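So the structure is just underneath, and the comments pick up after that.
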Amino acid sequence: MKAGIFGANGRMGRVLIEAFHQSEQAELVAALVRSGSDWLGMDVGELAGIGRTGLTVSDRPDDRAGQVDVMIDFTLPQALKGNLDWCVAHGKPVVVGTTGLTLSQKSLLTTAAQSIPIVFAANYSVGVNLLLNLLKQTARVMGETADIEIWETHHRHKVDAPSGTAMAMGEAIADTLDWDLNQCAVYGREGHTGQRPQKQIGFATVRAGDVVGEHTALFADIGERLELTHKASSRLTFARGALRAALWVKDKPAGLYNMQQVLGLE
Ligand SMILES: NC(=O)c1ccc[n+]([C@@H]2O[C@H](COP(=O)([O-])OP(=O)(O)OC[C@H]3O[C@@H](n4cnc5c(N)ncnc54)[C@H](OP(=O)(O)O)[C@@H]3O)[C@@H](O)[C@H]2O)c1
């Protein structure tokens with residue numbers, strides 16, 4: 001598989017370069033950055049701190065369109081439309097990892113997926129996707145009586161909150177219980193909050209240091225509580241998952257897929 005990445009100079013872009021370097025099944029043929037970026041022309045291996053590779057950073061995706069089987073996009077929401085438009089115009093499957101999307105940005109994915117195959121996941125780690133499955137199972141057994149809380153910790157540079165993964169956890173639980181997350185979610189508490197209603201999912205966010213990503217869901221009943229926690233210790237876990245998704249999606253028909261489908265969990 002020959003692939004290209006949007007946002008090659010970002011934190012995720014750099015570990016994606018490293019993941020491609022380690023992969024025997026996937027080759028990086030386009031490392032794209034914003035037009036006029038300071039990183040233009042740099043060797044991608046040097047950008048990722050793994051030594052020279054011979055491929056240079058570019059802002060001209062069209063130059064590589066003929067070689068690319070699939071694109072990977074870990075940028076910021078404001079870049080999504082341009083990246084999707086390019087993939088649709090060139091008929092390229094795409095793996096999207098960008099989080100913090102608004103509802104209208106999510107609808108861009110649905111529209112583009114009418115023409116090209118897209119995998120979208122708020123978290124590409126295998127462990128988090130297993131966690132989403134375990135949350136559905138736990139919600140079925142404990143959700144009608146337990147108090148449910150979700151908290152997450154990320155590094156100081158993260159710009160959206162709660163994390164896309166925390167939201168996906170809330171959605172997995174709410175969907176299982178047939179609750180509307182818009183109605184039952186509470187984002188932080190302060191002051192005289194009154195007693196906690198049972199039909200509520202509380203979210204709490206911590207931003208600190210260089211934490212790659214930690215998520216916990218708590219199901220607290222009378223006399224016992226169950227905590228399900230995932231801790232990511234390296235961004236490589238997301239990059240490897242994205243490569244796995246790219247290999248899976250490259251020959252799929254147009255449509256919007258998720259990581260659960262990539263892993264055969266759904
Ligand atoms: N799904 C997952 O598993 C997962 C895991 C980790 C992170 N993420 C998400 O992935 C995204 C990237 O994370 P990160 O830590 O790599 O962020 P980052 O270090 O800030 O990198 C963002 C990248 O996007 C580019 N970019 C920003 N705005 C742009 C625009 N308007 N047009 C074109 N390019 C633009 C940046 O280019 P410049 O430097 O030129 O601005 C940079 O290359 C975030 O949404 C993050 O939450 C998802």
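We count residues from 1, following the sequence as given. The structure displayed is predicted, hence computed values, not measured ones. Each ligand, and each atom within it, is numbered from 1 in the order the structure gives.
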request  = Go through the steps to decide whether His215 and Ser163 satisfy the test side-chain hydrogen bond (donor to acceptor under 3.5 Å, both in side chains), and finish with yes or no.
outcome  = CA-CA 9 Å; His215 294 86; Ser163 69; 2.8 Å; yes

task = Can you spot which of Phe74, Trp248, Phe238 makes a ring-ring contact (aromatic ring centres under 6.0 Å, His included) with Tyr124?
result = Phe74

task = Could you find the nearest protein heavy atom to atom 32 (N) of ligand 1 and give me its residue, atom name and distance?
result = Ala79 CB, 3.4 Å

task = Tell me which protein heavy atom sits closest to atom 21 (O) of ligand 1, plus the residue, atom name and distance to 0.1 Å.
result = Gly10 CA, 3.3 Å

request  = Going by the side chain to side chain contact (heavy atoms under 4.5 Å, CB included) test, name the single residue among Leu32, Asp62, Asp73 that passes it with Trp86.
outcome  = Asp62

inquiry  = For atom 22 (C) of ligand 1, what is the closest protein heavy atom, and at what distance to 0.1 Å?
reply    = Leu76 CG, 4.1 Å

note = For Gln78, the atoms of ligand 1 under 4.0 Å from one of its heavy atoms are 31 (N)

message = Is the ring pair His155/His157 parallel, tilted or perpendicular, if the boundaries are 30 and 60 degrees?
response = tilted

inquiry  = Looking only at protein heavy atoms, which one is nearest to atom 43 (O) of ligand 1, and what is the separation?
reply    = Asn9 OD1, 2.7 Å

request  = Distance to 0.1 Å, residue and atom name: give those for the protein heavy atom nearest to atom 3 (O) of ligand 1.
outcome  = Tyr124 N, 2.9 Å

key: Gly7: numbered ligand 1 atoms lying under 4.0 Å from its heavy atoms   = 43 (O)

task = Please check if the side chain of Glu214 supplies one atom and the backbone of Trp151 the other of a donor-acceptor pair under 3.5 Å.
result = no

Per-residue contact class, His157 against ligand 1 - non-hydrogen pairs under 4.0 Å = neither

query = Is the backbone N or O of Val68 less than 3.5 Å from a side-chain atom of Lys92, with the two atoms forming a donor-acceptor pair by type?
reply = yes

inquiry  = Any atom of ligand 1 sitting under 4.0 Å from a heavy atom of Val33?
reply    = no

Heavy atom of the protein closest to atom 11 (C) of ligand 1 (residue, atom name, distance) = Thr75 O, 2.9 Å

inquiry  = Checking contacts here: is it the side chain or the backbone of Phe238 that comes within 4.0 Å of ligand 1, counting heavy atoms only? Could be both or neither.
reply    = side chain

key: Mode of Arg11 contact toward ligand 1 - side chain, backbone, both, neither (heavy atoms, under 4.0 Å)   = both

ask   = Who's the nearest protein heavy-atom neighbour of atom 4 (C) of ligand 1, and how far?
value = Phe74 CE2, 3.5 Å

ask   = Below 4.5 Å, heavy atoms only, C-beta onward: do Val262 and Tyr257 meet side chain to side chain?
value = no

request  = Would you indicate which of Met12, Arg235, Lys158, Arg34 comes nearest to atom 29 (C) of ligand 1 when only heavy atoms are counted?
outcome  = Arg34

query = Where is the nearest protein heavy atom to atom 9 (C) of ligand 1: which residue, which atom, and how far?
reply = Gly97 O, 3.5 Å

task = Answer yes or no: is there a donor N or O on one side and an acceptor on the other, between the side chain of Asn129 and the main chain of Ser125, under 3.5 Å?
result = yes

ask   = Taking NZ, NE, NH1 and NH2 as the nitrogens, is one of them in Glu152 or Lys158 under 4.0 Å from a carboxylate oxygen of the other?
value = no

request  = Say whether, by atom type as modelled, one donor and one acceptor occur between the side chain of Thr98 and the main chain of Pro77 under 3.5 angstrom.
outcome  = no

inquiry  = Just to be sure I read this right, does ligand 1 sit under 4.0 Å from the backbone of Ser125, its side chain, both, or neither, counting only heavy atoms?
reply    = neither

message = Are any of the N/O atoms on Thr99, whether in the backbone or the side chain, positioned under 3.5 angstrom from an N/O atom of ligand 1?
response = yes

query = Taking the side chain from Ser23 and the backbone from Phe20, do they hold a donor-acceptor pair closer than 3.5 Å?
reply = no

remark   = Within the 4.0 Å heavy-atom cut-off, what Ala122 brings close to ligand 1 is backbone

ask   = Should you measure from each heavy atom of Thr98, which atoms of ligand 1 turn up under 4.0 Å away?
value = 45 (O)

message = Looking at ligand 1, would Ala121 count as a contact under a 4.0 Å heavy-atom criterion?
response = yes

Asp43 side chain to Gly54 backbone, donor-acceptor under 3.5 Å = yes

